[in-house]
There are 2 protein chains.
Amino acid sequence: MLFSTATGYALRALAALPEDGTYCLAKDLSSRLGLPGPYLAKILQGLVQADILASVRGPKGGFRLTRPAHRITVGEVVAAMEGPEAMEGCVMGFPSCNGENPCPLHDAWSAVKSQVSSSMTQATIRDLQLMDIRHKKEAKERVPNSPQP
Amino acid sequence: MLFSTATGYALRALAALPEDGTYCLAKDLSSRLGLPGPYLAKILQGLVQADILASVRGPKGGFRLTRPAHRITVGEVVAAMEGPEAMEGCVMGFPSCNGENPCPLHDAWSAVKSQVSSSMTQATIRDLQLMDIRHKKEAKERVPNSPQP
DNA sequence: CGAAAAAAGCATTCCAGAATCCTTTTTCTG
DNA sequence: CAGAAAAAGGATTCTGGAATGCTTTTTTCG
């Protein structure tokens, strides 16, 4: 993966939150997604600091998105998790590599970076939700006699 | 950086080796490049296993490239250092992401991967040497009254 | 009000990659 | 042959991210 595992967990958790703004327990999220509970809780707390999640304590509390899912970009989440200077510097770690004196991968990597970061600012949590819905639906279609509510 | 620090060190060390196949001490390389000595030594030993370097022990020994620098690709070195499955899996770590059910960054990331890996199989250690030479030359031109041999 | 539920906060543990140290083996040279 | 120079190999330490556990604070509800 390109990002840290914590960033991946954050994105997965955000995509798993309900859209209607109801509060959701950290424990529920972690068990539904199969992620380490206390670790995910800490990540969610960080997302509260970044104003991506809101939380209330106590019974009937939990976490919810501060905004509709289509208003939260993947790029925003990545920046909140990894800091703004993710993906800086030479791909191969050459200290002498820069625009004046590019390494052989410099241009390819620059293209990559702008490509990925523009995709990241385009894509929203909503898109991630849709992907998961699509995924579940396909699984259901592979087993046609599954429970029909 | 995209790769591990060890991979970066390996590439830097290879680019710093003389092209004429003379043996070079691990200690010299590390001091010239400012890299941790014993750690670099271990990395070089790994490159010997991968048939990228040859070594002889004892006085007048050291390390040299097994082939001319333009015959060793960056991709080969990366594969030797990181294993063949570097850069596998979803950028964001979504387990459900695949060709059937792509995440929003899937296509951009696939393009990235093929772009970077083709650049890596194109670029050789020679290209890295040239970059360093260019870098030194520019430094010299910025200080015109530098030592003339 | 008091008890339970839940996030918040903090200290601790775990683990892999990074880095160091020491011993062994090989090879050159006087 | 003896001794020194160097890589090879193994054990160990260090460090930061990943993960866990425990205590505190806030909130709801009977």
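Order of the sequence lines fixes the chain letters, A, B, ..., with proteins taken first and strands second; residue numbering starts at 1 for each chain.
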>> Using the rule given for side-chain contact (heavy atoms from CB on, under 4.5 Å), can you reason through Leu65(A) versus Ile72(A), listing the C-alpha separation, both sets of side-chain angles and the distance that settles it, and then say yes or no?
In response: CA-CA 9 Å; Leu65(A) 300 177; Ile72(A) 303 172; 4.0 Å; yes
Output the rounded distance in Å from [atom1] ([X]) to [atom2] ([N]).
X        : N       : atom1 : atom2 : answer
Leu53(A) : dA6(C)  : CG    : P     : 17 Å
Leu47(B) : dG9(D)  : CG    : P     : 14 Å
Leu44(A) : dA7(C)  : CG    : P     : 8 Å
Ile43(A) : dG17(D) : CD1   : P     : 13 Å
Phe63(B) : dT26(C) : CZ    : P     : 16 Å
Leu17(A) : dA7(C)  : CG    : P     : 11 Å
Arg64(B) : dA6(D)  : CZ    : C1'   : 16 Å
Leu40(A) : dA8(C)  : CG    : P     : 12 Å

For a quick check of understanding: with a heavy-atom distance under 4.0 Å over all strands, which category does [X] fall into, base, sugar-phosphate or nothing?
X        : value
Lys27(B) : nothing
Ala26(A) : sugar-phosphate
Leu25(A) : sugar-phosphate

Counting side-chain heavy atoms from C-beta on, which of [options] comes nearest to [X]?
X        : options                   : result
Tyr9(B)  : dT20(D), dA8(D), dA19(C)  : dA19(C)
Thr5(B)  : dC28(C), dC29(D), dA19(C) : dA19(C)
Gln45(B) : dA19(D), dA6(C), dA8(D)   : dA8(D)
Lys42(A) : dT27(D), dG10(D), dA11(C) : dA11(C)
Ser4(B)  : dA8(D), dA18(D), dA18(C)  : dA18(C)
Pro59(B) : dA7(C), dT20(C), dA4(D)   : dA4(D)
Pro38(B) : dC21(C), dA4(D), dA4(C)   : dC21(C)
Arg57(A) : dA6(D), dC28(C), dT26(D)  : dT26(D)

Using OP1 and OP2 only, check whether a side-chain N or O of [X] sits under 4.0 Å from [N].
X        : N       : result
Ser55(B) : dA6(D)  : no
Tyr23(B) : dA7(D)  : no
Tyr39(B) : dA18(C) : yes
Gln49(B) : dG9(D)  : yes

> So which one's nearest nucleotide on DNA chain D is more toward 5', Lys60(A) or Leu35(A)?
Replying inline: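 The residue closer to the strand's 5' end, by nearest nucleotide, is Leu35(A).
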>> Please report the interatomic distance CG(Leu47(A)) to CD(Glu76(A)), rounded to the nearest 0.5 Å.
In response: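 If I round to the nearest 0.5 Å, the distance is 10.0 Å.
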>> Is it the case that the side chains of Glu82(A) and Ser4(A) hold a donor-acceptor pair, with the cut-off being a distance below 3.5 Å and no angle test?
In response: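 Side chains of Ser4(A) and Glu82(A): pair found under 3.5 Å.
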> Yes or no on side-chain contact (heavy atoms from CB on, under 4.5 Å) for Leu53(B) and Leu17(B), after CA distance, side-chain angles and deciding distance?
Replying inline: CA-CA 10 Å; Leu53(B) 289 180; Leu17(B) 283 171; 3.4 Å; yes
> Out of Ile43(A), Leu25(A), Leu40(A), which residue meets the side chain to side chain contact (heavy atoms under 4.5 Å, CB included) rule with Ser30(A)?
Replying inline: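 Only match with Ser30(A) under side chain to side chain contact (heavy atoms under 4.5 Å, CB included): Leu40(A).
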> Which heavy-atom pair separates His106(B) from Cys97(B) by the least distance, and what is that distance?
Replying inline: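 His106(B) and Cys97(B) have their closest heavy atoms at ND1-SG, 3.1 Å.
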